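Here is the structure we will look at.
Predicted model only: the values in this text are computed from it and were never measured.
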There are 2 protein chains.
Amino acid sequence: MRSRPTIVDVAARAGVSKSLVSLALRGDDGVSPATRERILAAADELGYRSNALARALRQHRTMLLGVVVGSLDNPYHTEVVESVERAAERHGLSVLLAHGARRAGRMAARLDALGDLDVDGLVVVSSWADPELLQAAARRAPVAMVGRSLEPVAGIDSVNNDDERGAALAVGHLVAAGHERIAHLTSSRRPAGLARRAGYEHAMASHGLDRHVRVIERGRDEPAGPGLDAALADGCSAVFARNDVEAFDALDHAWDRGIDVPAGLAVVGYDDSALALRARPRLTSVHQPRAEMGALAVELLRERWAGRTADRHEVLTPRLVVRASA
Amino acid sequence: MRSRPTIVDVAARAGVSKSLVSLALRGDDGVSPATRERILAAADELGYRSNALARALRQHRTMLLGVVVGSLDNPYHTEVVESVERAAERHGLSVLLAHGARRAGRMAARLDALGDLDVDGLVVVSSWADPELLQAAARRAPVAMVGRSLEPVAGIDSVNNDDERGAALAVGHLVAAGHERIAHLTSSRRPAGLARRAGYEHAMASHGLDRHVRVIERGRDEPAGPGLDAALADGCSAVFARNDVEAFDALDHAWDRGIDVPAGLAVVGYDDSALALRARPRLTSVHQPRAEMGALAVELLRERWAGRTADRHEVLTPRLVVRASA
DNA sequence: CACGAACTCTGGAACGTTCCAGATCATGAG
DNA sequence: CTCATGATCTGGAACGTTCCAGAGTTCGTG
C-alpha cells in the first residue's frame with residue numbers, strides 16, 4: 001500500500017506549484033482553463049484524494065458534527081439521529097456519534113472527546129442534559145439540543161416539540177371519545193416527561209375532569225402492571241402514556257390480562273415512533289416532527305457559524321395520529 | 001471565545017520547550033517529576049486540551065473508526081452499532097457513523113467521505129455490500145464486515161453468525177414440538193437471508209420433512225398476509241421467519257386473523273433483537289451474539305493494525321432463545 | 001580529577017493543507 | 001515606448017502536534 005499521494009505529487013506531475021493545485025481543486029477561478037484541466041487530470045491519474053485532516057487543521061473547521069445521544073434503544077432517538085445525519089450530509093458535514101450518554105459522567109467524557117476532535121458543532125439528543133456540561137461544551141463549539149432541559153440554558157440553542165400541547169391533544173381526543181377517567185402513565189422525572197404530565201393535568205382540568213386526574217408513576221424498570229390494575233379497578237378507561245415505549249407496556253399488560261384495546265382500555269402514546277406501527281392494535285400517538293427537528297438543529301448550528309449570537313429555542317407543534325388503540 | 005491554548009502556550013507558562021510539554025503530557029518517563037508537575041499544572045491552569053487533529057496529521061493515525069450501517073430502523077443493526085461503539089471506546093477510538101447505506105451509490109459516497117477523513121478502520125454493518133466497494137475502501141484502511149457477503153471477499157475480514165445452524169436450531173425446536181408443516185417466511189434475497197433459507201431447507205430434509213418445505217416469499221414492502229393465509233390453509237402450523245421483523249409481521253397477521261399463537265400458529269424469529277421481547281406473545285428467536293460481534297469486529301481491525309495480513313472470517317454460534325411464541 | 005553514562009531537556013523539521021504577499025507576463029491605454 | 005492593469009502563478013509561512021538528533025547537566029567510577 002504505497003502512501004497516499006498529496007497535493008505536492010499532483011503539482012509535480014502537472015508541472016505547477018502546490019498552491020495552484022490547491023486553488024484548482026477548490027475551483028478558484030483565477031486558474032486558467034488549460035492548466036486547471038491539466039491539474040485535474042494529474043490528480044485523477046494519481047488517484048489523489050484530499051486530506052480532510054490537514055485542511056481542517058489549517059482552516060480551523062473540521063466539517064464534523066458531534067452527535068451525542070442517550071441511547072439508541074428508543075426508536076424515537078434513532079430516528080432523530082438519522083434525520084440529523086441526513087441534514088448534515090446535505091451540507092457536507094460528517095457525523096461523529098457518541099451514544100450511551102445517559103449518565104452525566106459519560107456524557108461529559110464523550111463531549112470532551114468530541115471537543116478534542118474539534119467538531120464544528122454538537123447536537124445533543126436526549127431528554128435531559130446537565131446545563132453546566134452543555135455550557136462547558138459550548139465554549140468549544142456551538143451546541144444545539146434536541147430535547148428538553150428544565151428551562152432554556154443560556155448559550156444553548158434548542159429544538160423541541162410542545163409537550164404540553166401534545167398532551168392536550170391526547171387528552172382531548174380521549175375526552176371526545178367519551179372517556180372521563182383518564183390516567184397518565186409515566187416513569188420519567190425528566191423535563192419532557194414532566195411537561196407532558198403537566199399538560200395532561202391542565203388538559204384534564206380544562207375539561208372539568210380535575211377529580212379524575214390519576215398519575216401512574218413507576219420507577220425506571222418497574223412493571224406498569226400494578227399501577228394499571230389499580231387504575232382499572234377504579235374505573236379508569238383510558239391511559240395517556242408518556243411515550244410510545246410506555247404505551248407499549250400498557251398494551252402488553254392489557255394483552256396479558258385479556259383486556260380488549262380500545263374497548264376495555266384506550267391507549268394513547270407519545271412520539272409516534274416506529275413502535276406505534278408495530279403495536280397491536282396500532283397505537284394512536286402524538287407525532288413529533290422528527291425529520292424537521294433534526295434538520296432544524298443542524299440549521300441552528302449553521303446560523304451560529306454564520307455569526308448569530310442570540311439564543312434560539314424552537315418549539316414545534318405536535319399533532320395527533322389516530323390509529324386503532326384509542 | 002479566545003482561541004484554544006496550545007502546547008506552546010503551556011510551554012511558555014511552564015518555562016520549558018514545547019517538545020518537553022508534549023513528552024510530559026504523553027506520560028513519557030524521561031521527564032523529571034518536578035517539571036512534569038509544573039507542566040501539568042500549567043496545562044491545567046490554561047485549560048489546555050490537546051488537538052487530536054494535529055496529532056493525527058503528524059502520527060498518521062486518527063483513532064477514528066468509520067461505521068457504515070444500512071439503516072438504523074432494524075433494532076438488530078442499532079445493537080451491533082452500539083456494541084461496536086462500546087468496544088471502540090474501550091480502545092480510545094471514536095466512532096464516525098454513516099447510515100442509510102443501502103444503495104451502493106450512497107454507500108460508496110459515505111465510504112469515500114470516511115476515507116477522506118483518514119479513519120483508521122471501517123466496520124460495515126449490513127446484510128450486504130458490493131465486494132468491489134469494500135475492496136476499494138480497504139485500500140485506504142482495513143475493513144471488517146459484520147454481516148454476510150455471498151462468499152468471503154478477499155482482503156476483507158468478517159464477523160458472522162452461522163445462519164444455517166441457526167435455522168437448524170429453529171426448525172429442530174419446532175419439530176420437537178410436534179410440527180411438521182413448517183413454513184419459512186422471507187422477503188430477502190441477500191446472503192444472510194439465503195443462508196437461513198438454505199439452512200431451513202436442509203434441516204427440514206434432515207428431519208425427513210422435505211415434502212413440507214414451503215417458502216413464503218414476498219417483496220420488500222409486500223404484506224405477509226396472503227402467503228401466510230395460503231400456508232395456513234394448507235395445514236401449516238408453524239413459521240420460521242427470516243428475522244424478528246418478519247416474525248413480528250407474522251404475529252401481527254395472526255393477531256389480525258384472531259389466530260392464537262402458538263396454538264394456532266407457532267412462530268420463531270431470528271436475531272433475538274429488542275423486538276422479540278416487545279412481541280406478544282414474546283418471540284422465540286435465534287440469538288446472535290451481537291455484543292460479541294461488535295467487539296470482535298473492532299478486534300479484527302486492531303489485529304490488522306498490528307500487522308496481520310491474512311484474512312479472518314469469524315463465524316459465531318447462534319443459540320435458540322425459547323419464549324412463548326413457539 | 002577525568003570521563004562516559006544516564007538523565008533532562010531543546011530546536012527544528014515534518015505531516016498536508018490553505019493563506020498571503022508578491023512575482024511574472026501579456027495587454028491595452030496614453 | 002512606457003506603464004498601469006489584470007490574469008495567472010509561486011514560494012514560504014502557518015495550523016498544532018510529534019519525531020529526531022543532539023545539547024547540557026549530573027553523577028558514579030576508576
Q: Decide, yes or no, whether a salt bridge links A:Arg312 with A:Asp157 under the criterion of side-chain N to carboxylate O below 4.0 Å.
A: no

Q. Do A:Arg302 and A:Glu299 meet the salt-bridge criterion of a basic N to acidic O distance under 4.0 Å?
A. yes

Q. If you find the nucleotide of DNA chain D closest to A:Arg38 and the one closest to A:Gln59, which residue's nucleotide is nearer the 5' end?
A. A:Arg38

Q: Using atom types as modelled and distance alone, determine if a side-chain donor or acceptor of B:Asp120 lies under 3.5 Å from a backbone N or O of B:Leu65.
A: no

Q.
For A:Trp128, is there any backbone N or O sitting under 3.5 Å from a side-chain donor or acceptor partner on A:Ser126?
A. yes

Q: Using chain B heavy atoms and a threshold of under 4.0 Å, write down where along DNA chain C the contacts begin and end, 5' to 3'.
A: C:dT8 to C:dG16

Q: Could you say whether A:Arg49 or B:Leu20 is positioned toward the 5' end of DNA chain C, judged by the nucleotide with the nearest heavy atom to each?
A: B:Leu20

(Q) Under 4.0 Å between a side-chain nitrogen and a carboxylate oxygen: does that hold for B:Arg290 and B:Asp271? (A) no

Q. At how many degrees, to 10°, do the end axes of the helix from C:dC1-D:dG30 to C:dG30-D:dC1 meet when each uses five pairs?
A. 60°

Q | Identified side-chain contact (heavy atoms from CB on, under 4.5 Å) partner of B:Val84 from the options B:Val123, B:Leu97, B:Leu93 | A | B:Val123

Q. Of A:Arg26 and B:Leu23, whose closest DNA chain C nucleotide lies nearer the 5' terminus?
A. B:Leu23

Q) Taking atom CD of A:Glu132 as the centre, does the number of heavy atoms from other residues, nucleotides or ligands within less than 6.0 Å exceed 12? A) no

**Q.** Under-4.0 Å salt bridge between A:Glu85 and B:Arg106
**A.** yes

(Q) What's A:Thr6 touching, base or sugar-phosphate or nothing? Going by heavy atoms closer than 4.0 Å. (A) sugar-phosphate

